[in-house]
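Okay, structure first, notes after.
Atoms considered below: every heavy atom in the structure, side chains included; atoms not considered: hydrogens, waters and symmetry mates. By convention here, the first residue in the shown sequence is residue 1.
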Amino acid sequence: MSAYTLPEVAERPALAPKTAYLITSGDLRESANVAGWPTQEKLEKAVTGVIEGFGWSVVRPFGVDPATGHGFISSQRMGMEVFAKIPEDAPLVVAIANWQYSHHVLVGLRTHRGPILTVANFEGDWPGLVGLLGLNAGLTKMGRAYATTWSVDCADDWFRDGIREWIETGSITHDTSHVRPLPALPESPERELGYALGDQLLADKAIIGVFDEGCMGMYNAIFDDELLNTTGIYKERLSQSALYAEMLQVSDEDADAAYRWLLDHGMTFRYGEDPATELTPDQVHAQMKMYIAALRIADDFGLDAVGIQYQQGLKDLTPASDLAEGVLNSTERPPVTSRDGQRVLHEGRAFPHFNEADEGVAVDALVTDRVWRAMGLVPDNTLHDVRWGEEYDGEFVWVYEISGSVPASHLGGWEKAEGWRQGHVFFPAGGATINGVAKPGELVISRVFIADGVLQADIFRGSSVELPPEETERRKQATNPEWPIAHVVLHGISRDQFMARHKANHAQVVYAPDAETADRALVAKAAMFERMGIRVNLAGDVRI
């Protein structure tokens, strides 16, 4: 007989018939959880009502914490504790109405044996769609089956029919007929260029500098070396503490010179006096030091691209990284010299930055930069959150929006850029955005992601369109007015097709001067991806 004290494993509750469990994942920033809770409650009530309308019961295995005033799962440990109260085979609904840190619930979803449904509200006031797509991408990366759906108010027949299908089958069928594998590319100068650039990358290799991985719980944004290295790309793992330390070494004179350059080129800033809620010159001064520090560290390590996490750690130390990131992604930007003042770093070109240390963006940004420069095009590219959208004048127009880190060329130049203070709910130390409205033009849009255990890239076409000023303002006020916005129409891809297919919370966007050039550049980009061993998929109306 053993003399050891054996641990007791808690028994999961038994599953009652016709019962679904409902959970939600939240932010690590309690200010965001508290502010977003009313929207989450509204979504949960609507989803619960639809499920109960089919004669089922809905159990929420945890309640509102009286200490915080919200009912989000707000840490990975809390997620473990919540899943211990859920039958392992329960039909499980993950309702998302805000940004969420996926790792809070992926810990339980990875081993859950019941059918999983992810659902979001199709609204712009809180980034529920962004959170949903990030969670879906994480589930896709880990190979976990799930169903997904979305709705403005959960009252439409399409949404109700999807819930019925999930209750009856554990899945929801969506139309993804717009996606197809990359065909054999016909001979062309663009194919030749893409293959040559891919061969060069595989032979000479490249380094992306990652200032801490795992930003904002984005499991989907971390690419294992075993997958990444086969493309010719390697990581330099850097610490954000090193970035902060380097900022302290940048002189005030260098930061002032970079700031004056922005002013001389037409950028304006909306300043106030209260740093807790308003933008101040000191905040922008720190952002200029971050910009310079990032380039000097990139020079130290011979980096080809760099990604700053910022959330969580740096947000408590220094103003937002977005201004620095957008400047890095701009071909036209303040010159930065090496520490000895002898060299201008990456003179005359953008230095690719992958926002939020998203390594899918890193691969995409690096490839885009090389293809566009080789074709003599402006390579400035950036990610956008897939935030929301509505029909306008009979056409569905997406709101693509990111927290401020766009290149000024996407807005029409520095004279079209305004620095607004980042919202204090997400950014306690403030800092300026690069705010504005994306110029009309032809876009190549893409996303590199992990599915079926391999790197894949979806590539598609879109247009940035101009809306009346009052409609633009309405959309900005419905989301985050301090952030830059792009009005995007996708070519041959409906709203629901896009939502069903897109395996990321981000989409990578780059301009081309006209539709014909955009089509040619897309071919070169697809060819380079193919040569790197990335599985390429075309979506919507793409001309090869």
* **Phe449/Asp458 under side-chain contact (heavy atoms from CB on, under 4.5 Å): CA gap, chis, key distance, verdict** => CA-CA 8 Å; Phe449 59 98; Asp458 283 0; 3.6 Å; yes
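- Side-chain contact annotation: Asn329 with Asp380, donor-acceptor N/O pair under 3.5 Å absent.
- Under the 3.5 Å distance criterion, the side-chain polar atoms of Arg387 are left unmatched by any main-chain donor or acceptor of Ile485.
- Distance alone, capped at 3.5 Å, is enough to place a donor-acceptor pair between the Gln309 side chain and the Asp212 backbone.
- With 3.5 Å as the limit, one finds no donor-acceptor pair spanning the side chains of Thr433 and Glu482.
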* To do: Could you go through the side-chain contact (heavy atoms from CB on, under 4.5 Å) check for Met499 and Trp150 one step at a time?
  => CA-CA 9 Å; Met499 286 295 300; Trp150 45 88; 3.3 Å; yes
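- Side-chain contact, Glu325 with Ser321: a donor N or O sits under 3.5 Å from an acceptor N or O.
- There is no side-chain donor-acceptor pair under 3.5 Å between Asn136 and Thr140.
- A salt bridge does not link Arg461 to Asp541: none of the charged nitrogens lies less than 4.0 Å from a carboxylate oxygen.
- For the pair Arg475 and Glu390, the salt-bridge criterion is not met [side-chain N within less than 4.0 Å of a carboxylate O].
- Separation of the His410 and Tyr511 ring centroids falls under the 6.0 Å cut-off.
- Ser177 and Asp175 are linked by a side-chain donor-acceptor pair at a separation below 3.5 angstrom, with hydrogens and angles left out of the test.
- Here the CZ atom belonging to Arg12 is positioned 10.0 Å from the CG atom belonging to Asp89, to the nearest 0.5 angstrom.
- Contact check for Arg29 versus Gln311: side-chain heavy atoms found under the 4.5 Å cut-off.
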